[in-house]
Amino acid sequence: QTEIEFWHAFTGRLGELVAEQVETFNATQTDYVVTATHKGNYSETLNAGIAAFRAGEQPDILMVFEVGTATMMAAEGAIKPVYQLMEEAGADFDPDAFIGSVKGYYTTTDGEMLSMPFNSSTPVLWVNRDALEGAGIDPDTDLSTWQQVGTVLDELKAAGHSCPLTTAWQSWIHLENLSAYHDVPFATQDNGFAGLDTELAFNGPVQVKHIQTMGDWARDGKFIYAGRRNEGGANFRAGECALFTESSAGYAGISSEAEFDFEVRPLPYWDGVEGAPQNTIIGGASLWVMAGQSDEEYQGVAAFLNFLSSPEIQAKWHQDTGYLPITSAAGELTRAQGFYEENPGTDIAVQQMTANEPTANSKGLRLGSFDQIRGIIDEELEAVWAGDKDAQAALDNAVERGNQLLRRFEQANR
Ligand SMILES: O=P(O)(O)OC[C@H](O)CO
């Protein structure tokens, strides 16, 4: 059997679910055996893949979060483009099977799909209905807008709740998606899709107002900051927080652990901003095939990737995890199986992504060195939450510091 090495970033319930998929693939055929290894969080997995490539010890498949997409696209000698892999393997592969917003994220402007979509998500609002009820708030109360959320946070606070709102992935949800959802640019040049000469632009009035409001909520004990990635998930799953902005894929952990009545709602928007709500953008990760492997391995990689995106496997993955059904066939199968009727709200994420035709501001982001830029944004946001900076000063600073990294990336990849 030819061994296929697959490095990923999943632990907890998602780790169990990816292991199940690998086992199913290994059990369906005898030519290949996929060995899946957890290499840390998304950033650690990306860095492990880059370091391994430099040492000539790269895996066959590397999971890279959406943030690393531009970096991987620029790493020409290090990767085997998926369209090429499928062509050479003679595999039956149709990139048009993927929904547009997912396909577009991982496809070059020349229409070549470079990495394989796998776990795509979008941010939503998770609600602990018991917490609302406990504070004397109607659990069906409208939470469509941030204005409405603000009123509920006041009520939770007045009732003595210790964690009215927490969040995961603050830059992704409260700046990147906030910008797309309100149809304002996060960066120039169509958020980087139109050229490497892109500059950050997330210090405009909509973003400043939102971050300042979150900063005020933090000062008043209504927004509790738990960490840069998905640390807040532990607090929400334990029932400590009433509202939680997190990936749709929070579903995996919440549905298996929460001992309270929970619900998923659309991500709130600011009423009064023209064009809002537009559409949210994807997060999660895609699978990159690394260069320098044997023909047999590439045959196995093509078979495994095709298996992962087959309607049955992708539909099960979507239903188990809350990741989007990334192919139309997986979405249709899920609907036909009655899953959305039995699990109300589980189709909100895909609706939120696809309700409107994306604009130049809402197709997604393609920015080099973006993992490092997110680190800068995280630092600046933490200064706002701590009350050390106001939102305008923090976002201006993040833009200026981030632009320096973009210029370096542009020079290195011209
Ligand atoms: O938790 P995930 O996998 O949906 O990813 C969330 C963000 O996109 C990470 O950048």
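Counting starts at 1 for both ligands and their atoms, following the listed order.
You'll find the side chain of M86 reaches within 4.5 Å of the side chain of N306, heavy atoms only. Proximity of N235 to I224: side-chain heavy atoms (C-beta onward) are nowhere separated by under 4.5 Å. Side-chain contact between F409 and T71 is present, with heavy atoms from C-beta onward closer than 4.5 Å. No side-chain heavy atom of L46 sits less than 4.5 Å from a side-chain heavy atom of V67.
Which parts of ligand 1 touch S247 is read off a 4.0 Å heavy-atom cut-off, strictly below it: atoms 1 (O), 2 (P), 4 (O). Close approach of ligand 1 to G283 is summarised as follows: ligand atoms under 4.0 Å from at least one heavy atom of the residue are 8 (O). Proximity to F65 (heavy-atom distance under 4.0 Å) selects the following atoms of ligand 1: 10 (O).
Using a 30° and 60° split on the angle between ring planes, Y323 and W317 fall in the parallel class, below 30°. Note on ring orientation: taking the six-membered ring where Trp is involved, the planes of Y251 and F339 are perpendicular (angle over 60°, cut-offs 30° and 60°).
For atom 1 (O) of ligand 1, the nearest protein heavy atom (residue, atom name, distance) is W169 NE1, 3.6 Å. Ranking the protein heavy atoms by distance from atom 10 (O) of ligand 1 puts R374 NH1, 2.7 Å first. If you check which protein heavy atom lies closest to atom 5 (O) of ligand 1, you get G284 N, 3.4 Å. Looking from atom 2 (P) of ligand 1 to the surrounding protein, the closest heavy atom is Y323 OH, 3.5 Å.
Neither the backbone nor the side chain of R229 comes within contact range of ligand 1; no heavy atom lies under 4.0 Å.
Inclusion of E246 in the set of residues having an N or O under 3.5 Å from an N or O of ligand 1 is not warranted. At under 3.5 Å, a nitrogen or oxygen of S121, whether backbone or side chain, sits near a nitrogen or oxygen of ligand 1.
Contacts of Y105 classified as ring-ring contact (aromatic ring centres under 6.0 Å, His included), with partners at least two apart in sequence or in another chain: none.
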